[in-house]
Amino acid sequence: MSKLGDLGAKLYRGEVGYDFVGKRFLWYGVSILITITAIVALAVQGLNMGIEFKGGAVFTTPKTTASVAKVTEEAEKASGHDAIVQELGTGGMRIQISGLDTDAAADVKKQLAADLKVTEADINADLVGPSWGEQIANKAWTGLGVFMVLVVIYLAIAFEWRMAVAALIALIHDLTITVGVYALVGFEVTPGTVIGLLTILGYSLYDTVVVFDGLKEGSKDITKQTRYTFSEIANRSINGTLVRSINTTVVALLPVAALLFIGGGFLGAGMLNDISLSLFVGLAAGAYSSIFIATPLVVDLKEREPAMKALKKRVLAKRASAAAKGESPDDAQGSDDEPQVVSQGRQQPGRRR
């Protein structure tokens, strides 16, 4: 067995582990700080909306000897707006300029032809109106709202309302961080970005549901034992699925990282950045929130119940009693549970959980 597999087995059996739940306020603080940073970035810098949302023109030139930097300079001089220029495989240039109307686009096309020393007829100009991007955004918001409602209903039925609330908060946390990163780095928000944001919702929810499923199984008949509190069982559930979460997240991040850093960064295929950045940040944030946010939130909500408070009191009392007798905490936790009375009137020793 590999070292990672051996660690996963030990985590699953509870032989080793990290106290995620016990240190939850530290991670809450980290998440709040990151979220505030994202909100401030959105408020101060805003999002760099793509041409599909603002409208403008896209010019495609024939093969030219001019560099990307030179074409960018000429395009911005001719239009008076910022230009995004990408070199095509044919040797031509794709020039994207936001905020141009039909008359202005015609003038820019004529000026580009003169500056690049090509005929005006060889430059293809496509005008993009903002209404198309607005329709996409509206449909995306509708889809997001429907998704959130369905998630809450499903989790409330399959698990309980506390888990549904925690999962919803984690999803909002992931989306806020992802959008905030776009504001910080200044990448364009395109329809590809919207697709990426909607895609990460499923990935973000996956790890959360896996941990919740382990927690649901581990906390079954929890009040009939005095070995663990609810928070301890929740922490064991996180540790039990930790290696699985790491493996699935790393495997999902590798191809996305290749698109973002190699395709978009090293090879200069900037059009890959819009969707790959949202996927990369969203996947990482989703894995983080399922471990450090969602499950600890369930613990905070669940331990407000009188039954969980009473259970915690019994567990701590039992451990204090064992300590007074000179027994180690492991001996106290490892002892048999209290007897349970069966219908025939006999006592049946409690099972180890």
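Worth knowing before you read on, the calculation uses all heavy atoms, side chains too, and leaves out hydrogens, waters and symmetry mates. Note that this is a predicted model, so its numbers are computed, not measured.
Using modelled atom types, no side-chain atom of Ser219 and backbone atom of Ile222 make a donor-acceptor pair closer than 3.5 Å. Using a distance-only test at 3.5 Å, with no hydrogens or angles considered, a donor-acceptor pair links the side chain of Asn235 to the main chain of Tyr18. Side chain of Arg236 to backbone of Ile233: no donor-acceptor contact under 3.5 angstrom is found. Remark: the backbone N or O of Met308 is not paired with any side-chain donor or acceptor of Glu303 at under 3.5 angstrom. A donor-acceptor pair under 3.5 Å links the side-chain atoms of Lys109 to the main chain of Ile123, judged by distance alone. A donor-acceptor pair under 3.5 Å is absent between the side-chain atoms of Ser98 and the main chain of Gly56, judged by distance alone. Remark: the backbone N or O of Ala285 is paired with a side-chain donor or acceptor of Ser289 at under 3.5 angstrom. With hydrogens and angles disregarded, no donor-acceptor distance shorter than 3.5 Å links the side chain of Ser321 to the backbone of Ala317. Without hydrogens or angle criteria, Arg319 side chain to Arg227 main chain gives a donor-acceptor distance under 3.5 Å. Remark: the backbone N or O of Ser231 is not paired with any side-chain donor or acceptor of Lys312 at under 3.5 angstrom.
Closest non-hydrogen pair, Val298 versus Ala166, comes out as CG2-CB, 3.6 Å. Between Val315 and Tyr228, the shortest heavy-atom contact is CG2-O, 3.8 Å. Pairing each heavy atom of Pro296 with each of Ile238, the nearest pair is CD-CD1, 4.5 Å. Between Ala38 and Gly180, the closest heavy-atom pair is CB-CA, 3.6 Å. Here the shortest heavy-atom pairing between Leu197 and Leu175 reads O-CD2, 3.9 Å. The shortest non-hydrogen separation linking Leu184 to Ala41 is CD2-CB, 3.5 Å.
Counting heavy atoms of neighbouring residues, nucleotides and ligands inside a 6.0 Å radius, atom OH of Tyr203 does not exceed 12 of them. Crowding of Lys54 atom NZ: a count of heavy atoms from other residues, nucleotides or ligands under 6.0 Å exceeding 12.
A parallel orientation is assigned to the rings of Tyr288 and His173, their planes being inclined by less than 30° (bins at 30° and 60°).
A distance of 11.0 Å separates CG of Leu42 from OG1 of Thr37, quoted to the nearest 0.5 Å. Taken from CD1 in Ile172 to OG1 in Thr35, the straight-line distance is 10.5 Å, to the nearest 0.5 Å. If you take CG on Leu311 and NZ on Lys224, they are separated by 13.0 Å, rounding to the nearest 0.5 Å. Taking CE of Met163 as the reference point, atom NZ of Lys302 lies at 7.0 Å (rounded to 0.5 Å). Here Glu74 contributes atom CD and Asp115 contributes atom CG; the two are 4.0 Å apart, rounded to the nearest 0.5 Å.
Using a 4.5 Å cut-off on side-chain heavy atoms (C-beta onward), Asp300 and Tyr28 make contact. Taking 4.5 Å as the limit, some side-chain heavy atom of Phe212 sits within range of a side-chain heavy atom of Thr295. Two residues are said to be in side-chain contact when any heavy atoms from C-beta on lie closer than 4.5 Å; Leu297 and Val165 fail this criterion. At a threshold of 4.5 Å between non-hydrogen side-chain atoms, the residues Leu155 and Leu168 do not count as touching. Contact of the Ile200 side chain with the Leu279 side chain is registered, since non-hydrogen atoms from C-beta on lie closer than 4.5 Å. The shortest distance between side-chain heavy atoms of Ile97 and Glu76 does not fall below 4.5 Å. Looking at Phe147 and Leu171, their side chains come closer than 4.5 Å, going by heavy atoms from C-beta outward. Taking 4.5 Å as the limit, every side-chain heavy atom of Ile291 sits out of range of all side-chain heavy atoms of Asp207.
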Handout entry: Stepwise salt bridge (charged side-chain N to carboxylate O under 4.0 Å, His left out) check, Glu217 with Lys220
Key = CA-CA 5 Å; Glu217 183 65 26; Lys220 187 178 181 181; 5.5 Å; no
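Residues Phe53 and Ile195 share a hydrophobic cluster, clusters being chains of Ile/Leu/Val/Met/Phe/Trp/Tyr side chains in contact below 4.5 Å. One hydrophobic cluster, built from ILVMFWY side chains closer than 4.5 Å, cannot hold both Val58 and Leu127; they sit in different ones. Transitive grouping of hydrophobic side chains (ILVMFWY, heavy atoms separated by less than 4.5 Å) keeps Val149 and Val152 in distinct clusters.
Each of Thr193, Leu260, Val281 was checked for a side chain to side chain contact (heavy atoms under 4.5 Å, CB included) with Ser276, and the lone residue meeting it is Leu260.
Between the side chains of Asp221 and Gln225, not a single donor N or O lies within less than 3.5 Å of an accepting N or O.
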